[in-house]
Protein chains: 2
Amino acid sequence: MKTIVIDDDIYAHLLGHTQEIGESATSILRRLLGLNTQSARTSSDVQETFDFLKLPELFRHMNNSQRFLFILSWAFRKHEKDFAKVVSIEGNRRKYFARDLETLQKSGSSVNPRQIPDSPFWVITNNSTAKKCEMLSDVFRLLGYQPEDISAMLRIALRP
Amino acid sequence: MKTIVIDDDIYAHLLGHTQEIGESATSILRRLLGLNTQSARTSSDVQETFDFLKLPELFRHMNNSQRFLFILSWAFRKHEKDFAKVVSIEGNRRKYFARDLETLQKSGSSVNPRQIPDSPFWVITNNSTAKKCEMLSDVFRLLGYQPEDISAMLRIALRP
DNA sequence: GATTCGATCGGAGGGATAGTTA
DNA sequence: TCTAACTATCCCTCCGATCGAA
C-alpha cells in the first residue's frame, strides 16, 4: 500500500465515480484507469475479467436493455483503442454498430438505436435477448476474450 | 489537498506514466483521467446525509421509477425500525404504503403497486413525478430529516 | 374558486416470435 | 425443399402527464 497526495478536484472526481458506498480509492482508480486485477494474477474467474459483475447492486435495478448498454459502455471504456472493430458486426442488411445514429436508421426500420453511454458509438436494440447475447459475444470475441469467459459472463449478466 | 491510500500496483502504474522527473501524483492522474481544468468542487452536506447521491454511476442508468424505489429501499435499510411509520402516508382514498400488495390494490384502481426492494413494504407507483417527490418528502420528514435537505436531495435524485 | 387527489390513457420501451431471406 | 439466420412487426408492460373528480 502506498499513500499519495492529490488535489481536491481530483479527489472529488474520484468520489463522483464511486459505484458502491464506501468504495476504496484503489478500487475506483482501478476501474477508471482500466486496470484489471491482472497485476495481482491472471485469474480465469469471470468476476476478475468482467469486474462489473462485482457490482450486483447496480445490476439488480437494471433491465436487460440497460444492462446491455452498460456492458457495452464498460467495453468501450476498457478497450477504447480497439472498440471501433465492433462496427464490423452486422446482419445481412442491418448495421448493428456505428459511429452515428443515421447509419443505423438507414440500415433497417425500427432498429431502435441507442447511444452507448459515454462513447461515440451507437447500437441497435430491437432484438431478442438471445440476439443481444450473440451481439455481446461477438463484441468480446473481437476484443480478445475467451469464449468460455464470455458465455459465463452472459449467463450472469443478462436475465433469461 | 487530500491523502488517499492505493495498492502498490496502481502506484506502479502511475509511476510508469510519469512524464517529468518528479511529476506529482496529481499531475499524472489529471492527465490519465483526462482532467485538464482545475475545477475544485466543494463536497455537499446533502451527499453526506443521503450517501446514495455519491453513486451517480448507478443513478444515471435508472429511470425515475427505479430511482424512486431505490431511494425507498435505501430508507428502509437505514431506518428499519421506524420505517413502519410510512404506512400513515395516504391520500383521501388510496393507501400509498402497505405491508402487502392487497391493501394497496383494494384502496384504488391501477395503483401499480411495487415491492420496495429488500423490504416487506409495498408502494403505489401510478403517480406523476411531482407526486413521487411529495411522497418521498413525506417519508423522509417522518424519518426526521430536514425539509431543506430533503428538497435538495430530490432536486438531484429525481429527473424533472 | 382554489387546491389536492385519482386514475385514465397516450406514448415509449422491451423483446418474443412470426414472417422473411439467404 | 429444408434449415438457419435475420428482420421488424406487434403485443405487452411500464411510465407518468394530464384532466376530471372531490
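Values below: all heavy atoms of this structure, side chains included; hydrogens, waters and symmetry mates excluded. Lettering follows sequence order; numbering is per chain, from 1.
Within the 4.0 Å cut-off from OP1 or OP2 of C:dC5, not a single side-chain nitrogen or oxygen of B:Arg94 is found. For A:Ser109 and D:dT7, the shortest distance from a side-chain N or O to OP1 or OP2 is not below 4.0 Å. The side chain of B:Lys131 places no N or O atom within less than 4.0 Å of a non-bridging phosphate oxygen (OP1 or OP2) of D:dG16.
Taking atom CZ of residue B:Phe68 and atom C1' of nucleotide D:dC14, one finds them 15 Å apart after rounding to whole Å. Whole-Å rounding puts the A:Met135 CE to D:dT7 C1' distance at 13 Å. For the pair B:Leu69 CG and D:dC14 P, the computed distance is 12 Å after rounding to whole Å. Regarding B:Arg159, its CZ atom lies at a distance of 15 Å from the C1' atom of D:dC14, rounded to whole Å. One atom, CD of A:Glu134, and another, C1' of D:dT7, lie 13 Å apart when rounded to the nearest Å.
Residues B:Ile10 and A:Arg30 have side chains in contact (heavy-atom distance under 4.5 Å, counting atoms from C-beta outward). Side-chain atoms of A:Ile116 and A:Phe97, non-hydrogen and from C-beta on, do get closer than 4.5 Å to each other. For the pair B:Lys95 and B:Val87, the minimum side-chain heavy-atom distance is 4.5 Å or more.
When atom types are taken as modelled, the side chain of B:Asn64 and the backbone of B:Arg159 share a donor-acceptor pair closer than 3.5 angstrom. For the pair B:Ser107 (side chain) and B:Arg94 (backbone), a donor-acceptor distance under 3.5 Å is absent. A:Thr3 places no side-chain N or O within 3.5 Å of a backbone atom of B:Val5 that could act as its donor or acceptor partner.
Annotation: the span from A:Asp149 atom CG to A:Arg141 atom CZ amounts to 14.0 Å, rounded to 0.5 Å.
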Counting primed atoms, P, OP1 and OP2 as sugar-phosphate and everything else as base, the B/S/- map of nucleotides 10-22 of chain C against protein heavy atoms under 4.0 Å is ---SSBBB----S

Note, DNA chain C 5' to 3' with Watson-Crick or G-U pairs under 3.5 Å encoded as ( ), [ ], | and . gives ..||||||||||||||||||||

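Residues satisfying the side-chain hydrogen bond (donor to acceptor under 3.5 Å, both in side chains) test with B:His61, not counting sequence neighbours, are none.
Looking at heavy-atom distances under 4.0 Å, A:Tyr96 makes contact with sugar-phosphate atoms alone, never a base.
Between A:His79 and A:Tyr145, the ring planes lie perpendicular to each other; the angle is over 60°, past the 30° to 60° tilted range.
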